Amino acid sequence: MMALLIRVSKQVQRKSFQNPLLYRLSSECSASRKGPESKEECKWMFGSSQEILAVVRGHVEVRQNFISEEEENVLFKEVETGLRKKRYEFDHWDDAIHGYRETERLQWGVTCESILRRVRAVAFPEDSPLLGPVHVLDLDKDGYIKPHIDSVKFCGSTIAGLSLLSDSVMRLTPENKSTDWVDLLLSRRSLYILRDDARFKFTHGILKDEESFFSGQKVPRHRRISVICRNLPV
């Protein structure tokens, strides 16, 4: 993953003369945001303008390497048992997902339960009521998630997901202005968190392999499993 991030940085510099927008955003990010937290954010968030980045800042978060390779393997083995009995589907009841299979789990082994407690501890307020079943979504290599907003009937203000098996790019688009966008680089074994305005006022989706670029750099898509926790509507 570090090699990918280095390549992203080099790609922006190399293409700066051909793509003024990438050069401007990269320069503004470097010039205007000096702190270590801001520099870290530049590695996983990129947008069409500084204005749209300011809107989502504080409402989105990506924690790279949130789980170890060993923890990823344990999670994968536990969810694969149920997933491999299902076929990939290429339509969805609300047309949001293409090339997927999914399941929900209430019971987890000791290691997986410990991982999920860490997710809940960093993603949700201490007194937030959580949706009981954990959603497991398996995207085929050719699968993708179309822009959508999760139903407010079924989940509350926060969505948190672990990314297994593959890097991917999540695109956020303001519901009322589709020309703006924010891309999140969801590296393998990372945790993403969408809160409040990013949850309610932006659509989110996972880009197709042929569209999977971050800051001008190709991010190859493979089979991807997300383990998703949500809180309940209040």
Side-chain angles (χ1 to χ4, degrees), residues 1-15 19 21-26 29 39-50 52-53 55-57 59-67 72 92 96-100 102 123 135 137-150 159-175 177-195 197-199 201-228:
M1 190 59 233
M2 184 58 69
L4 171 61
L5 295 174
I6 292 172
R7 289 199 301 272
V8 168
S9 175
K10 290 182 178 178
Q11 185 79 3
V12 171
Q13 295 173 13
R14 192 164 53 243
K15 292 193 175 182
N19 194 329
L21 177 61
L22 290 183
Y23 177 76
R24 179 173 64 81
L25 292 176
S26 178
C29 187
K39 291 179 181 178
E40 182 65 26
E41 181 185 277
C42 290
K43 297 178 182 179
W44 53 261
M45 186 165 72
F46 189 79
S48 56
S49 69
Q50 286 297 311
I52 197 63
L53 291 175
V55 171
V56 301
R57 190 166 294 124
H59 301 280
V60 299
E61 185 178 357
V62 178
R63 298 197 177 201
Q64 298 172 2
N65 297 310
F66 186 80
I67 58 173
E72 180 189 39
H92 187 259
I97 315 176
H98 179 86
Y100 76 101
E102 62 185 339
H135 184 198
L137 180 61
D138 181 357
L139 274 186
D140 181 69
K141 181 186 185 302
D142 296 321
Y144 55 93
I145 302 177
K146 298 178 182 180
H148 70 285
I149 296 176
D150 287 11
I159 304 168
L162 292 167
S163 297
L164 312 183
L165 304 183
S166 177
D167 301 334
S168 62
V169 177
M170 175 180 282
R171 174 157 294 176
L172 308 181
T173 305
E175 193 177 19
K177 189 180 180 184
S178 61
T179 55
D180 274 331
W181 49 266
V182 174
D183 283 348
L184 305 179
L185 178 61
L186 306 185
S187 56
R188 184 176 179 176
R189 296 187 288 274
S190 67
L191 172 71
Y192 74 83
I193 305 169
L194 305 180
R195 298 185 177 98
D197 284 357
R199 150 78 177 100
K201 297 181 180 180
F202 284 73
T203 66
H204 65 277
I206 298 293
L207 299 183
K208 303 176 183 179
D209 179 58
E210 58 266 31
E211 299 172 354
S212 185
F213 288 82
F214 180 80
S215 185
Q217 175 67 42
K218 176 65 176 174
V219 180
R221 266 281 321 282
H222 306 288
R223 178 189 176 193
R224 174 184 183 267
I225 295 176
S226 51
V227 179
I228 307 165

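Predicted model, so just to flag it, every value in this text is computed and none were measured.
At a threshold of 4.0 Å, the pair R189-E72 counts as salt-bridged, since one of the basic side-chain nitrogens sits closer than that to a carboxylate oxygen. For D183 and R171, the salt-bridge test passes: some basic side-chain N is under 4.0 Å from an acidic carboxylate O.
Checking D180 against S48 by side-chain atom types alone, a donor-acceptor pair falls below 3.5 Å.
Side-chain N or O atoms of R199 include one that pairs as donor or acceptor with a backbone N or O of D150 at under 3.5 Å. S187 contributes no side-chain N or O that, together with a main-chain N or O of S190, makes up a donor-acceptor pair within less than 3.5 Å. In terms of modelled atom types and a separation under 3.5 Å, the side chain of H135 and the main chain of V227 share no donor-acceptor contact.
When all heavy atoms of T179 and W181 are compared, the closest pair comes out as O-CD1, 3.7 Å. Taking every heavy atom of both residues into account, E61 and W44 meet most closely at CA-CH2, 3.7 Å.
The distance from atom CG of L139 to atom CD of E102, rounded to the nearest 0.5 Å, is 10.0 Å. Note that CD1 of I97 and OH of Y144 are 11.5 Å apart. Values are rounded to the nearest 0.5 Å. Atoms OG and CG, on S226 and L191 in that order, are 11.5 Å from each other to the nearest 0.5 Å. Between the CD1 atom of I52 and the CZ atom of F46 there is a distance of 13.5 Å, given to the nearest 0.5 Å. In this structure, CG on L184 lies 10.5 Å from NE2 on H204, to the nearest 0.5 angstrom. A distance of 7.0 Å separates NE2 of H222 from NZ of K141, quoted to the nearest 0.5 Å.
The side chain to side chain donor-acceptor pair (under 3.5 Å) test with R223 is passed by exactly one of D142, D138, D140: D138. Partner of I206 under the side chain to side chain contact (heavy atoms under 4.5 Å, CB included) criterion, chosen from V169, L137, L186: L186. Checking V60, L194, V55, I149 one by one against F202, the side chain to side chain contact (heavy atoms under 4.5 Å, CB included) holds for a single residue, V55.
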Go through it in stages, so that I can follow the logic: the residues are Q64 and F66, the test is side-chain contact (heavy atoms from CB on, under 4.5 Å), and I'd like the CA-CA distance, side-chain angles, deciding distance and then a yes or no.
CA-CA 5 Å; Q64 298 172 2; F66 186 80; over 6 Å; no
side-chain contact (heavy atoms from CB on, under 4.5 Å) between M45 and V56: does it pass, once the steps are laid out?
CA-CA 10 Å; M45 186 165 72; V56 301; 3.8 Å; yes
Checking side-chain hydrogen bond (donor to acceptor under 3.5 Å, both in side chains) for the pair R188/S166: CA distance, chi angles, key distance, verdict?
CA-CA 5 Å; R188 184 176 179 176; S166 177; over 6 Å; no
Might you work through the salt bridge (charged side-chain N to carboxylate O under 4.0 Å, His left out) test for E210 and R221, ending with a clear yes or no?
CA-CA 8 Å; E210 58 266 31; R221 266 281 321 282; over 6 Å; no
Any chance you could lay out the side-chain contact (heavy atoms from CB on, under 4.5 Å) test for L53 and V182, step after step, and finish with the verdict?
CA-CA 7 Å; L53 291 175; V182 174; 4.1 Å; yes
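V219 places a side-chain heavy atom less than 4.5 Å from the side chain of S212.
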